[in-house]
Amino acid sequence: LITMALLVPPASASVPVEVDGVRFSGTVDAMDQRLHLHGTGILKYMVFIKAYAGALYLPASVAPDDALEPVAKQLVLSYFHHIKGADFAKATRKKIADNVTAEQATALQSRIEVLANLYRDVKPGDRYALTYVPGAGTVLALNGDPLGSIPGDDFARAVFSIWLGANPIDTKFRDLLLRAL
């Protein structure tokens, strides 16, 4: 069972926020777009084990209900434990399948495998950032170093649905990311 704990003080979207010792910037740049911190939280596994702190960045004009639309966005996850790259790949395949139709999964399969092959093992303090810019694709970066880019609005929608979709990894975590600070 995965549950979420809210550890976010009220803040303006333009100032940094600290979540259980993890600091997130108030804004990030994605190519030529300024994205603003929208929501943060801690994802917990089996109620007590903190898996990661997360932050969602969106353009100031984007409503939470439109986060999966083809708009620029960035999700940053800062890990509290060692996790193997193969575990990320397995979870990605499953959670995308939980959020798309069988036909969509088939159409996305080769791009899902590209992403699965980009994952690396992480240690405490490492950060993955998943950034989507319309027309440019979705970039996975580890600790600020880009690992690769995958094209397509459909792919971005599917991969961000892991956290923001109808069947996310955790609904409380999704809701915290989508609520404005």
Side-chain angles (χ1 to χ4, degrees), residues 1-13 15-28 30 35-59 62-69 71-100 112 115-116 119 121-132 138-143 155-181:
L1 179 62
I2 296 175
T3 60
M4 216 348 277
L6 173 61
L7 300 170
V8 180
S12 163
V15 298
V17 170
E18 189 170 308
V19 181
D20 203 14
V22 178
R23 189 174 175 92
F24 293 105
S25 173
T27 60
V28 295
L35 305 179
H36 299 270
L37 183 59
H38 188 79
T40 61
I42 301 287
L43 185 109
K44 289 189 175 185
Y45 177 72
M46 298 179 65
V47 181
F48 301 107
I49 302 168
K50 294 184 293 184
Y52 51 78
L56 177 65
Y57 295 86
L58 296 169
V62 173
D65 290 344
D66 295 330
L68 287 176
E69 297 302 316
V71 298
K73 59 189 133 267
Q74 184 176 87
L75 178 65
V76 178
L77 302 174
S78 180
Y79 296 89
F80 294 115
H81 300 280
H82 292 272
I83 302 174
K84 294 186 178 291
D87 293 337
F88 288 114
K90 181 179 176 182
T92 294
R93 290 181 190 106
K94 179 183 181 337
K95 290 313 296 176
I96 288 177
D98 288 348
N99 280 283
V100 301
I112 293 169
L115 178 63
Y119 288 121
D121 296 352
V122 299
K123 61 186 181 311
D126 281 348
R127 287 184 180 213
Y128 267 129
L130 194 62
T131 307
Y132 171 70
T138 303
V139 174
L140 179 67
L142 178 60
N143 298 324
F155 178 79
R157 181 180 190 88
V159 75
F160 278 92
S161 72
I162 293 169
W163 299 274
L164 306 176
N167 298 301
I169 195 164
D170 184 84
T171 56
K172 290 179 184 176
F173 186 67
R174 175 199 61 201
D175 295 348
L176 289 169
L177 292 176
L178 292 175
R179 73 166 183 85
L181 294 175

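Computed from a prediction, not measured in an experiment: that's the story for all the values here.
Applying the side-chain hydrogen bond (donor to acceptor under 3.5 Å, both in side chains) criterion to R127, with sequence neighbours excluded, gives no partner residue. With sequence neighbours left out, the ring pair (Phe, Tyr, Trp, His ring centres under 6.0 Å) criterion links Y119 to F88, Y128. Taking the side-chain hydrogen bond (donor to acceptor under 3.5 Å, both in side chains) definition, one finds that S161 meets it with nothing, sequence neighbours left out. For R93, the side-chain hydrogen bond (donor to acceptor under 3.5 Å, both in side chains) partners are E113, not counting sequence neighbours. Taking D121 as the reference, nothing meets the salt bridge (charged side-chain N to carboxylate O under 4.0 Å, His left out) condition, with sequence neighbours excluded.
Minimum interatomic distance between L115 and F155 (heavy atoms only, all atoms of both residues): CD2-CZ, 3.8 Å. Here the shortest heavy-atom pairing between I83 and Y79 reads CD1-CD2, 3.6 Å. Here the shortest heavy-atom pairing between V100 and A158 reads CG1-CB, 3.9 Å. Nearest heavy-atom pair across L37 and A55 is CD1-CB, 3.6 Å. Of all heavy-atom pairs between V62 and A67, the closest is CG1-N, 4.4 Å.
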- [ ] List the steps and the verdict of salt bridge (Lys or Arg N to Asp or Glu O under 4.0 Å) for D175 and K172.
- [x] CA-CA 5 Å; D175 295 348; K172 290 179 184 176; over 6 Å; no
Open item on the list: Would Y57 and L75 count as a side chain to side chain contact (heavy atoms under 4.5 Å, CB included) here? Give the steps.
Closed with: CA-CA 6 Å; Y57 295 86; L75 178 65; over 6 Å; no
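The closest side-chain heavy-atom distance from H38 to R179 is not below 4.5 Å. The shortest side-chain heavy-atom distance between D66 and V71 does not fall under the 4.5 Å cut-off. D20 places a side-chain heavy atom less than 4.5 Å from the side chain of K50. Within the 4.5 Å cutoff, side-chain heavy atoms of K73 are placed close to those of F160. Taking 4.5 Å as the limit, some side-chain heavy atom of L56 sits within range of a side-chain heavy atom of L164. Residues T138 and T131 form no side-chain contact, since every pair of their non-hydrogen atoms from C-beta on lies 4.5 Å or further apart. Counting heavy atoms from C-beta on, the side chains of I169 and L43 come closer than 4.5 Å. Here the side chains of L58 and L35 are not in contact, with every heavy-atom distance at 4.5 Å or above.
Remark: side-chain polar atoms of Y132 are not paired, donor with acceptor, to backbone N or O of L68 under 3.5 angstrom. Side chain of N99 to main chain of I96: no donor-acceptor pair is present (N/O by atom type, distance under 3.5 Å, no hydrogens or angles). Side-chain atoms of H36 never come within 3.5 Å of backbone atoms of P59 as a donor-acceptor pair (strictly under, hydrogens ignored). Side chain of D170 to main chain of F173: a donor-acceptor pair is present (N/O by atom type, distance under 3.5 Å, no hydrogens or angles). Side-chain atoms of R174 do not come within 3.5 Å of backbone N or O of P168 as any donor-acceptor pair.
With rounding to the nearest 0.5 angstrom, the OG1 atom of T92 is 9.0 Å from the CG atom of L130. Separation of atoms NZ (K44) and OH (Y52) is listed at 14.0 Å; rounding is to 0.5 Å. Summarising the geometry, atom OG1 belonging to T40 is positioned 7.0 Å from atom CZ belonging to F24; distances are rounded to the nearest 0.5 Å.
Residue pairs meeting the side-chain hydrogen bond (donor to acceptor under 3.5 Å, both in side chains) criterion with at least one partner in residues 80-90, sequence neighbours excluded, are absent.
Between K95 and D98 there is a salt bridge, since a side-chain N of the basic residue sits under 4.0 Å from a carboxylate O of the acidic one.
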